[in-house]
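Report on one structure; see the data block that follows.
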Amino acid sequence: MMATTHALAGVALATLLGVLFPESAAGTSVIPIAAAALGGLFPDFDLYAGHRRTLHFPVYFSVAAAAAVLVAVAATAFVPAAALIAVSVALFLSAAAVHSGMDALGGGLELKPWLGNSERAVYSHYHRRWLRPRRWVRYDGAPEDLLVAVAFALPAVAVYDGSVQTGVLAAVGVSAVYVLLRKPMVIVTQAVVDALPASVVTRLPARFVEDFR
Ligand SMILES: [Zn+2]
């Protein structure tokens, strides 16, 4: 799924927490919302180095998130001064865990994921193997990916105004543009790779050209 879908999933989580516990840090500050959005994005910072493996931890992020939630609950109850940080960390890790898990529901790791050739969705370091793609969302940037992104955006748009609402709407806008360009981008890349001399193509990083040869 798109990075923005993952970020919006984090925002939805933070929004839910803020609505359920309006007196908590999640309900009184935008920092936990920002932390959740960043946590949702974070795993995909491995795009250029071991994508869906280096920073994706479906099991370990979940364990870390569970521990961080306990710390956040304890901090909220006993150390209010630390609650904002603890809640933000818990939301960051929870969103990163949700991201890593969600990747198993999308398409595989390939440059034309709609072909459905890859059996690698996300790497589980705990299981020491790749989890297979379920393809509920066929590929990142698929129309249904935008639908999921919008669904995650709705609660925050309804609950917040100001900068949070603007940020969420901007993320939806970026998602919509990405969905429109997803396949054309690949067609252009294919044309470029086709036009390049073979000696140049072999020097490009294999990950970015292997499916275009
Ligand atoms: Zn990912």
Side-chain angles (χ1 to χ4, degrees), residues 1-14 33-66 68 89-153 156 167-168 170-183 185-186 189 205-208 210-211:
M1 272 158 266
M2 297 180 283
T4 42
T5 306
H6 292 302
L8 290 168
V11 170
L13 196 63
I33 303 168
L38 197 62
L41 286 178
F42 178 74
D44 278 349
F45 289 147
D46 68 11
L47 189 61
Y48 295 100
H51 187 37
R52 296 209 196 149
R53 178 169 182 159
T54 307
L55 294 177
H56 286 63
F57 304 96
V59 176
Y60 295 143
F61 267 145
S62 304
V63 173
V89 170
L91 276 168
F92 179 95
L93 290 170
S94 300
V98 168
H99 175 144
S100 304
M102 269 168 67
D103 272 348
L105 304 179
L109 197 60
E110 55 191 315
L111 295 174
K112 299 174 189 170
W114 46 86
L115 297 178
N117 291 327
S118 171
E119 282 307 301
R120 295 185 298 168
V122 61
Y123 190 81
S124 170
H125 295 260
Y126 174 77
H127 295 97
R128 292 186 188 172
R129 64 176 168 82
W130 288 89
L131 305 182
R132 68 179 173 82
R134 275 23 174 222
R135 299 196 172 91
W136 295 3
V137 169
R138 291 164 301 153
Y139 58 93
D140 65 292
E144 63 267 28
D145 197 353
L146 184 59
L147 212 64
V148 176
V150 168
F152 282 134
V168 167
V172 171
V174 168
S175 308
V177 171
Y178 183 80
V179 167
L180 284 175
L181 296 181
R182 182 65 175 90
K183 282 189 175 176
M185 275 190 312
V186 169
T189 309
R207 183 181 130 48
F208 296 105
E210 60 193 353
D211 292 357

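On a predicted model such as this, the values are computed, not experimentally measured, just so you know. Counting convention: from 1, in listed order, for ligands and their atoms alike. Excluded from the calculations below are hydrogen atoms, water molecules and symmetry mates; all remaining heavy atoms, backbone and side chain alike, are included.
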Item checked: Shortest-distance N, O or S atom of D44 relative to the Zn ion (ligand 1) -> OD1
Next item on the list: Please answer whether the main-chain N or O of R53 pairs with a side-chain N or O of H125 as donor and acceptor at a distance below 3.5 Å.
Entry: yes
Checklist line | D46 (side chain) donor-acceptor with R52 (main chain) under 3.5 angstrom | finding: yes
Check: Just wondering, is there an N, O or S atom on H99 that's nearer than 2.8 Å to the Zn ion (ligand 1)?
Finding: yes
Check: Do any of the N, O or S atoms of H51 sit under 2.8 Å from the Zn ion (ligand 1)?
Finding: no
Notebook entry, point to check: Between OD2 of D103 and NE2 of H56, what angle is found at the Zn ion (ligand 1), rounded to 10 degrees?
Noted result: 90°
Item checked: Presence of N, O or S from D46 under 2.8 Å of the Zn ion (ligand 1) -> no
Margin query: Within the 4.5 Å heavy-atom criterion, are K183 and W114 side-chain neighbours or not?
Written below: yes
Check: With a 4.5 Å heavy-atom cut-off, do L111 and V186 have their side chains touching?
Finding: no
Next item on the list: Kindly indicate, with the supporting measurements, whether the criterion side-chain hydrogen bond (donor to acceptor under 3.5 Å, both in side chains) is fulfilled by H6 and D44.
Entry: CA-CA 9 Å; H6 292 302; D44 278 349; 4.5 Å; no
